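Beneath this line is the structure, given in structure tokens, with notes to follow.
Throughout, a chain's letter reflects where its sequence line sits, starting with A, and its residues are numbered from 1. It should be emphasised that the depicted structure is a prediction, and the values quoted were computed from it without experimental measurement.
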Protein chains: 2
Amino acid sequence: METVTDAALADTLREAGLKVTEPRVAVLTALTEIPHSDADTIFGAVLPSLPGTSLQAVYGVLAALTTAGLLRKIEPAGSSALYERRIGDNHHHIVCTECSAVRDVDCVVGHAPCLTPSDAGGFTVHTAEVNFWGVCPDCQNALTQKSAD
Amino acid sequence: METVTDAALADTLREAGLKVTEPRVAVLTALTEIPHSDADTIFGAVLPSLPGTSLQAVYGVLAALTTAGLLRKIEPAGSSALYERRIGDNHHHIVCTECSAVRDVDCVVGHAPCLTPSDAGGFTVHTAEVNFWGVCPDCQNALTQKSAD
DNA sequence: AAGTTGTCTTGAGTTATTCAAAACAACTGA
DNA sequence: TCAGTTGTTTTGAATAACTCAAGACAACTT
């Protein structure tokens, strides 16, 4: 079934007008399995199947796929750039302040007005980005444990 | 009047439980004049009055003041960290995608619900951060000019 | 099957930021 | 007012994430 997936990914690449190469398919596969990964993590995930690859190649692939609109790049404060395949639905993210884990948060519909600034100071607004910061379940447990000592 | 301001800043530092030093006053002064500045810009602004200072000192001061709650650190995607003195009012920012200029945007009141994620996936949410991306008036003019050629 | 175009590999370089140790200065109490 | 203590700054070096450039190579076109 890996072949099936690969073929689907190849189509995705072709549809975007990109050449289908092993590194690109491998990066897409890795990001399907582990979303919100940074370049180094993806490199690690890709290395076993592509022994000759380099971190720079991963950076290049990520840049190409992001430009083509196949990936979304997110850059939470304090983290390196993360990438995800989920695109086109303008969802948001919540980041754990303890362990930097990232989780998708569906866009709250019906509240679009709040994402229009009251006074944009003459700026033409293109996009609104919302990031939530909090503590993930695992870290909540860990913290509770610690305070119980 | 510089003295008056310096005295006020000194009080601000003391109230926060920090020692009053020239670098700290100078950094606060610089950030009063040029908000949304990065460490290097602040270093440049501070250097004339503090010839012996270093960029690392500025980093140290910024970290201390941020920890003490006297500064807010913002890290827009693609920029280095910026600092501002306006704190405690949870306002947002709009960043120009052309020139990276940053402008304050007052928090849109009366729409708090939209900043509560629909499903936080078990996360405890502390803060919601909103960033707007757009084109500043200057760059709008520049772009219009260019397209008119 | 060959050519062209775009991609990957290899290697080096840049920028923002952090770390560590010693020199130094600000507040405390005498 | 002065010495002591504690915290800050200076100096120097190191790190991490990312970018740039040139040649080797592979994917799609005809």
Inset, instruction - Strictly below 4.0 Å, heavy-atom distances to any atom of DNA chain C: list the hits from residues 41-54 of chain A, or just say none. - result: Gly52(A), Thr53(A), Ser54(A)
Considering residues at least two apart in sequence or located in another chain, which fulfil the side chain to side chain donor-acceptor pair (under 3.5 Å) criterion with [X]?
{"X": "Arg103(B)", "value": "none"}
{"X": "Ser100(A)", "value": "none"}
{"X": "Gln140(A)", "value": "Thr124(B)"}

Inset, instruction - Give me the bend of the helix from dA1(C)-dT30(D) to dA30(C)-dT1(D), using the axes of the five pairs at each end, rounded to 10°. - result: 40°
Compare all side-chain heavy atoms of [X] with those of [Y] and state whether any distance is below 4.5 angstrom.
{"X": "Asp104(A)", "Y": "His36(A)", "answer": "yes"}
{"X": "Val95(B)", "Y": "Asn131(B)", "answer": "no"}
{"X": "Leu28(B)", "Y": "Leu13(B)", "answer": "yes"}

Nearest-angstrom distance from the residue atom [atom1] of [X] to [atom2] of [N]:
{"X": "Ile74(B)", "N": "dA16(C)", "atom1": "CD1", "atom2": "P", "result": "16 Å"}
{"X": "Leu65(B)", "N": "dT8(D)", "atom1": "CG", "atom2": "C1'", "result": "12 Å"}
{"X": "Leu13(B)", "N": "dT8(D)", "atom1": "CG", "atom2": "P", "result": "11 Å"}
{"X": "Arg24(A)", "N": "dA26(D)", "atom1": "CZ", "atom2": "P", "result": "15 Å"}
{"X": "Glu15(A)", "N": "dC28(D)", "atom1": "CD", "atom2": "P", "result": "14 Å"}

Legend entry - Leu31(B) reachable from Leu82(B) in the ILVMFWY side-chain graph, under 4.5 Å edges: no
Inset, instruction - State plainly whether one hydrophobic cluster holds both Phe123(A) and Val102(B), where clusters connect Ile, Leu, Val, Met, Phe, Trp and Tyr through side-chain heavy atoms under 4.5 angstrom apart. - result: no
Sort me out a list of protein N/O and nucleotides 27-30 of chain C N/O pairs below 3.5 Å, or just none if empty.
residue	atom	partner	partner atom	Å
dC27(C)	OP1	Val20(B)	N	2.9

Acceptor/donor pairs from residues 48-71 of chain A side chains to any protein atom, 3.5 angstrom cut, sequence neighbours excluded:
residue	atom	partner	partner atom	Å
Ser49(A)	OG	Val46(A)	O	3.1
Ser54(A)	OG	Ala57(A)	N	3.2
Thr66(A)	OG1	Leu62(A)	O	2.6
Thr67(A)	OG1	Ala63(A)	O	2.8

What residues, two or more places apart in sequence or in another chain, satisfy side-chain contact (heavy atoms from CB on, under 4.5 Å) together with [X]?
{"X": "Asp11(B)", "value": "Arg14(B), Glu15(B)"}
{"X": "Thr41(A)", "value": "Ile34(A), Ser37(A), Asp38(A)"}
{"X": "Thr97(A)", "value": "Trp133(A), Val135(A), His126(B)"}
{"X": "Arg72(A)", "value": "Ile74(A), Glu84(A), Ile87(A), His91(A), His93(A)"}

Sub-3.5 Å pairs of nitrogen or oxygen atoms, protein against nucleotides 18-20 of chain D:
residue	atom	partner	partner atom	Å
dC18(D)	OP1	Ala81(A)	N	2.9
dC18(D)	OP2	Tyr59(A)	OH	3.0

